[in-house]
Every structure is written in structure tokens, then in C-alpha cells.
2 protein chains.
Amino acid sequence: MSTDADAEIDHEGPVTPYRQLAEILKARIARGDWAEGRPIASETRLVQEYGLARSTVRRALDVLVEEGVVWKVQGRGTYVGQPPAGNS
Amino acid sequence: MSTDADAEIDHEGPVTPYRQLAEILKARIARGDWAEGRPIASETRLVQEYGLARSTVRRALDVLVEEGVVWKVQGRGTYVGQPPAGNS
DNA sequence: AGCAATTTGTTCGTATGTATT
DNA sequence: CAATACATACGAACAAATTGC
């Protein structure tokens, strides 16, 4: 049983919003909304799309980073996959 | 060159407060302020001691958790070391 | 070189929820 | 039940890095 990529955030329920968003984003990546090596939506965009605080969106992204699903670069964005080995 | 366990937070300088606190706490643990398996000061206590926001203190503790220096238990505290293998 | 726009990083404050004692 | 301690969420502001003009 996986999460629906088109699900919305349920502020009631037992699962916290940031965990829900983390699952939704992973589902969207798996579905192909954003390809490997390409940037996903910006934090500001996700805030607008899901009606969450930026701090909550960042908390969700932290989960994905820990899981190695995405990696971030300040000033650029959040990319699908893992950081390149030899980066310049 | 290691960090002074008695250092205070410098809100100017290049190093961010949460990184400074992370280093200070590691120095305090190394010095023996808190023994292995014992709880360190609570987040509220650290907020008072270092004059930082709780979110900043938590950010510093996140670093220590990632590094395996401490582990946390909701409702109890933050302990020195790593979580016991078989916990009940 | 400078400047503005975009995006992630850090910090503060506040409030409420959950778990343990 | 009350007190303590960590968890989650919202809002706001400014800093730092990147990009494009």
C-alpha cells in the first residue's frame, strides 16, 4: 500500500503533515513528475501547492534528503537523486 | 584546535549559532559534564543557558543525533551515547 | 562589476500535541 | 492529575548562494 501522488494533506488524522508530504513527494518522484537529476518544485511552490508552512515543507524535504531521495543546493534547488561524486 | 566547553555563543562571526552550540555540547560531553547513558540538560535549560531559541537548540541537537553522539526520547530527555540495541 | 530575482539556510517567537515521570 | 521534556506546526524576517541581466 503506497501513498497517492495526488493526495492532499490531512491536518486531522494520526500521520503528521510533514510525513504525509514526504510520502506524497516520493510518490510523485516515482511517478515521474520530476526526473533523476532534475530539480523538484521549490519550497515556496510546495508551500503554495499544499498549504503548509515553509518550515513544514523543509521538514518533509529533510526526510527525503536523509533517505537519499533528493539533495539540495543553496541558491539553486532540490534535485532528484544523490549529489554527484566529484562535484566542481 | 577544539572548541572550549565554556565558550559562549557569538552571534556575529562566520559560524552559525547552532553549529557553535553543537561543538560546545560535544566539548562538554568529552569533558565529562554528562556521562555516557545519562541525560544532558533539557532543551529548555539549554535555551536559558545559551540565550538561543528552542528551535536553534534543537537544530544543534539534531547534529549530535546525526553524529551518534546523543539520542533522544520524547517525554524523557536527550541521552549521551547511542540508543540501546534491544530496547523495551 | 553591479543588480535584481530566485532558492535554500538560519534564527527568532509562539502555540499546541504527545510521551514520560 | 500535574509537571517535565521532546515533537510538530505556523508565521516572520534576514542571510547566503546561485543565476541571469
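A note on names: the letters A, B, ... follow the listed sequences, proteins ahead of strands, and every chain is numbered from 1. Excluded from the calculations below are hydrogen atoms, water molecules and symmetry mates; all remaining heavy atoms, backbone and side chain alike, are included.
You'll find that the side chain of Val73(A) is closest to dT18(D), out of dT18(D), dT8(D), dC12(C). In the set dT11(C), dT8(C), dC6(D), the nucleotide with an atom closest to the side chain of Arg58(B) is dC6(D). Taking only side-chain atoms of Thr16(B), from C-beta outward, the nucleotide of dT8(C), dT10(C), dC10(D) with the closest atom is dT10(C).
Ion pairing between a basic and an acidic side chain is recognised when a charged N comes within 4.0 Å of a carboxylate O; Arg28(A) and Glu23(A) show no such pairing. Between Arg38(B) and Asp33(B) there is no salt bridge, since none of the side-chain N atoms of the basic residue sits less than 4.0 Å from a carboxylate O of the acidic one.
Contact of the Thr56(B) side chain with the Val47(B) side chain is not registered, since no non-hydrogen atoms from C-beta on lie closer than 4.5 Å. Taking 4.5 Å as the limit, some side-chain heavy atom of Asp6(B) sits within range of a side-chain heavy atom of Arg31(B). Side-chain contact between Gln20(A) and Asp10(A) is present, with heavy atoms from C-beta onward closer than 4.5 Å. Looking only at side-chain heavy atoms (C-beta outward), Val70(B) and Tyr79(B) stay at 4.5 Å or farther from each other. Looking only at side-chain heavy atoms (C-beta outward), Val80(B) and Val69(B) stay at 4.5 Å or farther from each other.
Taking atom CZ on Arg54(A) and atom P on dT7(C), their separation rounds to 11 Å, with Å as the unit. Following rounding to the nearest Å, Trp71(A) (CH2) and dG9(C) (C1') show an atom-to-atom distance of 16 Å. The separation between Tyr79(A) atom OH and dT19(D) atom C1' is 10 Å, rounded to whole Å. Atom CD of Glu12(B) is separated from atom P of dT10(C) by 17 Å (rounded to the nearest Å). The interatomic distance linking Ile9(A) (CD1) with dT8(D) (P) rounds to 15 Å, in whole Å. Straight-line distance from the CD atom of Gln74(B) to the P atom of dT21(C): 12 Å, rounded to whole Å. Separating the NE2 atom of His11(A) from the C1' atom of dT16(C) is a distance of 14 Å, rounded to the nearest angstrom. To the nearest angstrom, C1' of dT8(C) lies 11 Å from CG of Asp62(A).
The nucleotide dC1(D) finds no pairing partner, because no Watson-Crick or G-U wobble arrangement with both distances shorter than 3.5 Å includes it.
Residue Lys72(A) places at least one side-chain N or O closer than 4.0 Å to OP1 or OP2 of dG9(C).
Near DNA chain D, defined here as any heavy-atom distance below 4.0 Å, the residues from residues 19-44 of chain B are Ser42(B), Glu43(B), listed numerically.
Among the heavy atoms of the strands lying under 4.0 Å from Leu52(A) are primed sugar atoms or P, OP1, OP2 only; no base atom is included. Ser55(A) comes within 4.0 angstrom of a nucleotide base, judged by non-hydrogen atoms across all strands. The residue Arg59(B) sits close only to the backbone: its heavy atoms come under 4.0 Å of sugar-phosphate atoms, none of a base.
Mapping Arg76(A) and Val57(A) onto DNA chain D by nearest heavy atom places Val57(A) at the nucleotide closer to the 5' end.
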